[in-house]
Amino acid sequence: MTLEAERAVPVARAVAFRASRWRGPLAGAWRGLRKAPVSAWFGLSVIGGYLVVAVVAPLIAPYGEAQVVGNQYEAWSAQFPFGTDQLGRDLFTRLVYGARNTIGIAVLTTMLSFLLGGALGLLAAVLGGWIDQALGRLVDVLMAIPQLIFALMLLSIFGPSVKNLVLIIAVLDSTRVFRLSRAVGMNVAVMDFVEAAKLRGERLGWIMRRELLPNIMPPMVAEFGLRFCFVFLTISALSFLGLGIQPPTADWGSMVRENATLINYGDVTPLLPAGAIALLTVAVNCVVDWFIHQTSGLRDEH
Amino acid sequence: MNHLLKTVAYRLSLGLLTLVLVSIIIFSAVEMLPGDFARAILGQAATPETVAAFQREIGLDRPPVQRYLRWVGNVVRGDFGQSFASRVGYRRTVASLVAPRLQNTLFLAAMTALIAVPLALGLGILTALYRNSWFDRAVNAITLTAISLPEFLIAYVLMLFLAVRHPIFYSLATVSPDTPLLERLGRSVLPALTLTLVIVAHMMRMTRAALLNLLSSPYIETARLKGLSRSRVILRHALPNAWAPIATIVALNLAYLVVGVVVVEVVFVYPGIGQLMVDAVSARDIPVVQVCALIFAVTYILLNLTADVVAIVSNPRLLHPR
């Protein structure tokens, strides 16, 4: 959570976004991309690779997701590229399916969190008054409990399942989205064109969707990347603790836990799913960094 | 001075209010339990009488407000109630489970803080001093990566290379109350190192950012134009004004330790409160989960509160009001 404290400034600054840069349709985007640093290219290609693997998982994987195909903990071989796990399932297959499950669940959670937090944040920004105050204080209290601890407590009440996991993390994470969308929404809500829309008698939903939303897109997109990383790491940590995504679903966090004992024999296999998690978060961070740089014209030194 | 006291008192009362609200949320955990929870704990074969007795035992037959006040009263006196694992002839109070674990966790956290804080501040100042040099770039790239890595990856990589392939440290941090101090330190090296790597990255980047932020202010430019050396400008002109943000950064990152400790304790089988909480969540032992959550939340809130108070107290504008 210190992550967002550190990022808050550049993200907020991204509001002062130079629209001209992206105005020209695809041409502008391509011009920006060509000048992108190596790190951004690295990030984009890694994300692209993961998405392809996630979509065509059944075509790449040699075996079924939960199919027992060999003995327990078999070594790396031509038949099993990364060996087998504690039940004799092919590790490579599970890694491939893990891309689909782990990333899919994290993306779904982040989208839910943005839907909830973004809507409430914009609502608070437009309406102000007691609604804004009430929501703000509620979020303050919810954020006073560390997120992982809160999630653990809620999971012990409702029981671990994918549905509960997604809902709990989405609700807890939406508090952060609320803070940002309210703050950047506020800046736009005081502008004349919003006032004009109100006087025209536009409905609340229209003002939020058509007047505010387009003007706060850049910081929200950057925040989506960062929140995705955070949600992805939280879900992986919970799965690693055995309280997140449950077997037999192939998932990277649980795979680390299931194969962790191999570490004691000097085997690197359990580091593969952990590395897969790390590579994706690093890639997303690289892209977000570049995006913030692009949209805010921000440089490190002033 | 009066103004300062008023600001601090205001902030403290806000903190107290937050503590009360958070304790209510944690208490309501029992309220939110699904209806069939007693059955889930006692097993499908439980008779309606046993279920009713269990509900009476955890106090579900009294109104919530009364129960909350009783719970808070007991917690303040150090009585955390009974674990759900208690049975007739086998009493486990939550306090007896939590106390030794809490000591272990505090030991680990203190050890980490002693290594991490000086290291992070030093690196932060150095990178601000030599900004945009290859040293700065390298440290930045490494810490940005470290922030993105899951804790368990760092933990297992350290375990693989520093304990298994090159047996320098213990791979498991199993300590007991009668482990001598030196061995305890030795066994806690890897968990402490993992936590250090996790929080140094944050702390160092925030220190650097706070310093760079100050460096853009006009009085620093004046100092530069006077011809002072770079290190003198940073150490004598910028740093004294940066202590407030740096204190906040340290407190925030120690609060972050609270969360990091859970995963790291599980990896190294360190008998701390994080592992206790994870076990209690798996067993759905709500009283233990509540107390662990309360301890984590209170620590977190107090650290954040300390950060705020330090920031208020070290602000010269509040110390010398006109």
Side-chain angles (χ1 to χ4, degrees), chain A residues 1-3 5-6 9 39 137-138 140-142 144-160 229 232-234 236-238 240-243 252-253 256-257 260 263-268 270-271 273-275 277-286 289 300-302, chain B residues 18-19 21-22 25-26 29-30 32-34 37 40 131-132 144-145 147-153 156-157 159-160 164-165 171 199 202-203 205-206 209 212-213 215-216 249 252-253 255-256 258-259 262-263 266-267 277-278 280-286 289-290 292-293 296-297 300-301 304:
Chain A
M1 53 221 51
T2 35
L3 192 68
E6 189 186 342
V9 178
S39 66
R137 294 298 82 75
L138 177 71
D140 283 349
V141 173
L142 289 183
I145 307 178
Q147 196 167 356
L148 187 69
I149 303 297
F150 209 157
L152 280 175
M153 194 181 82
L154 292 177
L155 281 172
S156 75
I157 297 166
F158 298 111
C229 285
F232 186 59
L233 287 175
T234 309
S236 304
L238 285 170
F240 169 75
L241 296 173
L243 302 164
W252 291 335
V256 177
R257 169 199 181 80
I263 286 279
N264 297 318
Y265 305 98
D267 190 342
V268 294
L271 298 182
I277 295 169
L279 186 62
L280 182 60
T281 47
V282 171
V284 173
N285 265 318
C286 285
D289 250 21
D300 201 13
E301 62 276 76
H302 308 283
Chain B
T18 316
L19 276 180
L21 291 175
V22 163
I25 291 182
I26 292 176
V30 175
M32 291 188 284
L33 285 178
F37 180 74
R131 128 168 138 267
N132 292 335
L144 190 63
T145 318
I147 288 173
S148 322
L149 300 183
E151 281 106 351
F152 50 80
L153 176 68
Y156 280 124
V157 167
M159 196 195 267
L160 180 65
V164 178
R165 292 209 175 161
S171 66
I199 65 168
H202 281 300
M203 226 188 301
R205 287 179 73 84
M206 288 162 79
L212 287 186
N213 203 20
L215 289 183
S216 63
I249 291 162
L252 278 178
N253 281 286
Y256 188 79
V258 166
V259 185
V262 177
V263 171
V266 170
V267 172
M277 184 170 185
V278 171
V281 171
S282 312
R284 301 184 78 177
D285 191 345
I286 305 290
V289 174
Q290 276 179 315
C292 292
F296 279 125
Y300 191 73
I301 293 170
N304 279 311

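When reading the values below, keep in mind they use all heavy atoms of this one structure, side chains included, and skip hydrogens, waters and symmetry mates. Lettering of chains follows the sequences in order, A, B, ..., and the numbering in each one begins at 1.
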Trainee: Let's test your reading of the structure: which of A:Leu243, A:Leu142, A:Ile277 forms the most heavy-atom pairs below 4.5 Å with chain B?
Mentor: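 Ranked by contacts with chain B, first place is A:Leu243.
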Trainee: B:Val281 versus chain A, heavy atoms under 4.5 Å apart: side chain, backbone, both or neither?
Mentor: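 Both parts, heavy atoms under 4.5 Å.
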Trainee: Please check if the side chain of A:Thr281 supplies one atom and the backbone of B:Ser148 the other of a donor-acceptor pair under 3.5 Å.
Mentor: yes
Trainee: Tell me which of these, B:Pro150, B:Ala280, B:Ala293, B:Cys292, has more heavy-atom pairs under 4.5 Å with chain A than the rest.
Mentor: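 It is B:Pro150.
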Trainee: Less than 4.5 Å to any heavy atom of chain A: does that hold for the side chain of B:Ile26, its backbone, both, or neither?
Mentor: both
Trainee: Can you find a pair of side-chain heavy atoms, one from A:Phe150 and one from B:Ile25, that are under 4.5 Å apart?
Mentor: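 Yes, at least one pair of side-chain atoms sits under 4.5 Å.
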Trainee: In terms of heavy-atom proximity below 4.5 Å to chain A, should B:Thr18 be classed as side chain, backbone, both, or neither?
Mentor: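 Contact with chain A: side chain only.
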Trainee: Check the orientation of A:Phe240 and B:Tyr156. Use parallel for under 30°, tilted for 30 to 60°, and perpendicular for over 60°.
Mentor: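 It falls in the perpendicular class, over 60°.
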Trainee: Give the C-alpha distance, both sets of side-chain angles, the deciding distance and a yes or no for side chain to side chain contact (heavy atoms under 4.5 Å, CB included) between B:Val262 and A:Leu152.
Mentor: CA-CA 10 Å; B:Val262 177; A:Leu152 280 175; 4.2 Å; yes
Trainee: Would B:Leu153 and A:Leu271 satisfy side chain to side chain contact (heavy atoms under 4.5 Å, CB included), going step by step from the backbone distance to the final call?
Mentor: CA-CA 7 Å; B:Leu153 176 68; A:Leu271 298 182; 4.1 Å; yes
Trainee: Only one of A:Asn264, A:Val268, A:Asp267 clears side-chain contact (heavy atoms from CB on, under 4.5 Å) with B:Leu160; which?
Mentor: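 That would be A:Val268.
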Trainee: Looking at CG of A:Leu241 and OG of B:Ser282, how far apart are the two atoms once the value is rounded to the nearest 0.5 Å?
Mentor: 8.5 Å
Trainee: Evaluate the side-chain proximity of B:Leu144 to A:Asp289: yes if any heavy-atom separation is below 4.5 Å, no if none is.
Mentor: yes
